[in-house]
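Here is the structure we will look at, set down as structure tokens.
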Amino acid sequence: MSQIRRRIKSLLYILLISFTNCAKLDNSLILGAENVAETAGAEVQRGIMGEWGDPYDMRLIPIHSMLLPDGCVLGYGTSATGKQRADLYYEIWDVGKGTHEEARMLLEHSTKADMFCSTLNMDISTGNILIFGGDLRDDGKNLGSDNVLELNYQTHEIQHHAVGKMNYQRWYATSINLPNGEILIVGGKAQDKTYIAIPEVWSATNGFRALVDAEIPAIAGSTRKHWWYPHVYVSSRGAIFMIMPHGSNADIYHLEVEGEGTIKKIGETPFKTHVLDPSIMYRPDKVLFLDQNGRLWTFDMSGNPLVFRKNKKIGQPRTNGFFSLLPDGRVAITGGCNTTANLGNELSGANYSIQIWNPDTDKVFDGGNQQNPRLYHSTSLTLPDGTVVSAGGGAPGPVRNLNGQLYRPDYLFNENNKEAVRPVITRCPKNISTNQVFTIRVGSASQVERITASKSGASSHARNCDARWVELDFEVLDKVKIRVTVKNENVMIPGLWTINTLDKNGIPSKGCLLGVNTAKLEI
């Protein structure tokens, strides 16, 4: 039903534009037609394409962004003036208070450890956020750090983590939560400019363990930039796949993390990418990539052999762009640049549009332009209310974007292009366990057509390897109660998730935050 409604709205928009063009052939109708088109067209456009809000100021450039269990958003990476240096600032945005200045707190920590170009994940044993590595910024040089910091999500204070430092210094590393609750960290560069080919695993009970028998060949034996935020994903079988991020025919590895680890090359990518081209897991076992020709590719890791599929061409490359998962399972594509020159940080090649890709149809539509370019060091996140925040960019850059902008997708508007009446979740648990069931209360169970779950992960440098989306089975118990079945821990990786209900028109509820296999969260 939701697909039919979108097609009808698209036809209406085409008819409107056709009418306007015809009317301009008659000078006597020009003024009236333009006025009608400006008013009606804006409403139709809003209903078909969604709507960008006005830009809002931020306290810094959010090179890194992450949704916290209390519903706030953590952002950090630059000084309070947007400069690339070792000022130890971070921003906490209370999303529920809006986008105005009072909703944002600029905080400073005293760890003397810079977090610039680090990587971060939730510690499921506490709900707090661990920040691994970063850049010491000594005399402007990029020097990797082995520091581990901890953000307390309840007090919003940052301290050195009690477990101590990593085995290796890492600048530009990737980290992901694993099904067993551990965190895997791969890639990065050390202070002596060596590339870190040895992965390591962190656990709440044992600290760090180096996987010395799983040295990554593409990083150890190459000067190419495979150490820059490697793509790493977990399949529904619990297998870990690592895809190297640079060039043509990049290596794909299967990584085992038990003991001291093992690694095996199992294939190569059939396309060319830059290290700052995006990827995301949009369905269990399926990862979306964007190549240097502006074409989408899907990678299916469910079987043997692995399968790559050539998908829609979206018009141009988007180096430094982002993929964000919407509650209805579509993927929003924001930011980026059509060239890799200067790290894809060229203002003349900036892509201002948001494009929405539908995995079920392989169709893409344009949702309109945001006001500012989002190039190197920008971020994007989907918020629990179903909006998408696109923010930052700069340090260095052609512009210094201490600002963000919210996009409201088409599903937030009805067939009359007005604010949609959304389904409502009235009660939801704070914590759930995998392979179990839980109960939610809703405004009207008869309105619920689908229930979906999204793990928002952490956004930085065109990556969000911890994000994923699943559709959940459910059973209606009565007029307001629904029993929901949780997937296994390989599919619903432990961490912070958002649950949304959707009605027959594809309109999502505001999301409910809950912890999957985590300590009790104070949400």
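T334 and Y407 share no side-chain donor-acceptor pair at under 3.5 Å. The closest side-chain donor-acceptor pair between T339 and E346, if any, does not fall under 3.5 angstrom. Inspection of the N431 and T518 side chains reveals an N or O donor paired with an N or O acceptor under 3.5 Å. No hydrogens or angles considered: a donor-acceptor pair under 3.5 Å links the side chains of S175 and T119.
Judged as a side chain to side chain contact (heavy atoms under 4.5 Å, CB included), and not counting sequence neighbours, the contacts of T99 are Y56, W93, L406. Annotation: salt bridge (Lys or Arg N to Asp or Glu O under 4.0 Å) contacts of D251 (sequence neighbours excluded): K265. When the side chain to side chain contact (heavy atoms under 4.5 Å, CB included) test is applied to T111, the partners found at least two apart in sequence or on another chain are H109, A113, L149, I158, H160. Residues passing the side chain to side chain contact (heavy atoms under 4.5 Å, CB included) test with V470, sequence neighbours excluded: P284, A453, L472, V491, M492, W497. C72 is linked by a disulfide (SG to SG under 2.5 Å) to nothing, counting only residues two or more places apart in sequence or in another chain. In terms of the salt bridge (Lys or Arg N to Asp or Glu O under 4.0 Å) criterion, residue partners of K97 (sequence neighbours excluded) are, by chain and number, D94. Every residue meeting the side chain to side chain contact (heavy atoms under 4.5 Å, CB included) condition with S378, not counting sequence neighbours, appears here in chain and number order: F322, R374. Partners of W171 according to the ring-ring contact (aromatic ring centres under 6.0 Å, His included) rule, which considers only residues two or more places apart in sequence or in another chain, are W227. Legend: residues meeting salt bridge (Lys or Arg N to Asp or Glu O under 4.0 Å) with D146, ordered by chain and number and at least two apart, are K165. In this view, E471 and R450 satisfy the salt bridge (Lys or Arg N to Asp or Glu O under 4.0 Å) rule, not counting sequence neighbours.
When the options L120, I92, L151 are evaluated for a side chain to side chain contact (heavy atoms under 4.5 Å, CB included) with Y76, the one that passes is L120. A side-chain hydrogen bond (donor to acceptor under 3.5 Å, both in side chains) with D277 holds for exactly one of Q292, K272, H231; it is Q292.
Within the model, atoms CD1 of I252 and CG of L255 stand 14.0 Å from one another, a figure rounded to the nearest 0.5 Å. To the nearest 0.5 Å, the span separating CG on N293 from CZ on R295 amounts to 8.0 Å. C465 contributes atom SG, which lies 9.5 Å from atom CE of M281 (distance to the nearest 0.5 angstrom). Atom CD1 in I196 sits 10.5 Å away from atom CD in E215 (nearest 0.5 Å). Of the inter-residue distances, the one linking I280 atom CD1 with N464 atom CG reads 5.0 Å to the nearest 0.5 angstrom. The line from CZ of R400 to CD1 of I61 is 6.5 Å long, rounded to the nearest 0.5 Å.
Here the shortest heavy-atom pairing between M122 and I183 reads O-CD1, 3.7 Å. Closest approach of Q355 and I314 over heavy atoms only: NE2-O, 3.0 Å. Residues S79 and Y89 share a closest heavy-atom pair of CA-CD1, 4.1 Å. Considering every non-hydrogen atom in both H377 and A395, the closest pair reads ND1-O, 2.9 Å. Closest approach of I354 to A332, counting heavy atoms only: CD1-CB, 4.0 Å. In plain terms, the two heavy atoms of I63 and G77 that are nearest each other are CD1-O, 3.6 Å.
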Using the rule given for side-chain contact (heavy atoms from CB on, under 4.5 Å), can you reason through W297 versus T269, listing the C-alpha separation, both sets of side-chain angles and the distance that settles it, and then say yes or no? CA-CA 10 Å; W297 290 80; T269 58; over 6 Å; no

May I have the step-by-step check of side-chain contact (heavy atoms from CB on, under 4.5 Å) for L178 and I240, ending in yes or no? CA-CA 9 Å; L178 297 179; I240 301 170; 3.8 Å; yes

Does the pair L68 and H156 meet the rule for a side-chain contact (heavy atoms from CB on, under 4.5 Å), with working shown? CA-CA 10 Å; L68 303 179; H156 296 152; 4.2 Å; yes

Using the side-chain contact (heavy atoms from CB on, under 4.5 Å) rule, take R209 and S203 through it: C-alpha gap first, then chi angles, then the decisive distance, then the call. CA-CA 8 Å; R209 183 180 79 256; S203 75; 5.8 Å; no

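Aromatic ring centres of F289 and F271 lie closer together than 6.0 Å. Here H161 and F132 keep their ring centres 6.0 angstrom or further from each other. The ring of W228 has its center closer than 6.0 angstrom to the ring center of Y172. Here F299 and Y233 keep their ring centres 6.0 angstrom or further from each other.
With Q154 contributing its side chain and E522 its backbone, the two residues share no donor-acceptor pair below 3.5 Å. With hydrogens and angles ignored, the 3.5 Å screen pairs no side-chain donor or acceptor of N128 with any backbone N or O of E150. A donor-acceptor pair is defined here as one N or O able to donate and one able to accept, closer than 3.5 Å; no such pair exists between the side chain of D114 and the backbone of G134. Panel note: side chain H274, backbone L276; a donor-acceptor pair is recorded below 3.5 Å. The backbone N or O of Q371 sits less than 3.5 Å from a side-chain atom of Q405, completing a donor-acceptor pair. Put simply, the side chain of T379 gets close to the backbone of P62: a donor and an acceptor are under 3.5 Å apart.
The side-chain tip of R283 points at the ring of W469 from less than 6.0 angstrom away and within 45° of straight on.
Among pairs with a residue in residues 235-250, those fulfilling side chain to side chain donor-acceptor pair (under 3.5 Å) read S236-D285, at least two apart in sequence or across chains. Listed by first then second residue, pairs satisfying side chain to side chain donor-acceptor pair (under 3.5 Å) with a partner in residues 183-192 read D192-T194, not counting sequence neighbours.
Classification of R59 and E101 as a salt-bridged pair holds, one side-chain N sitting under 4.0 Å from a carboxylate O.
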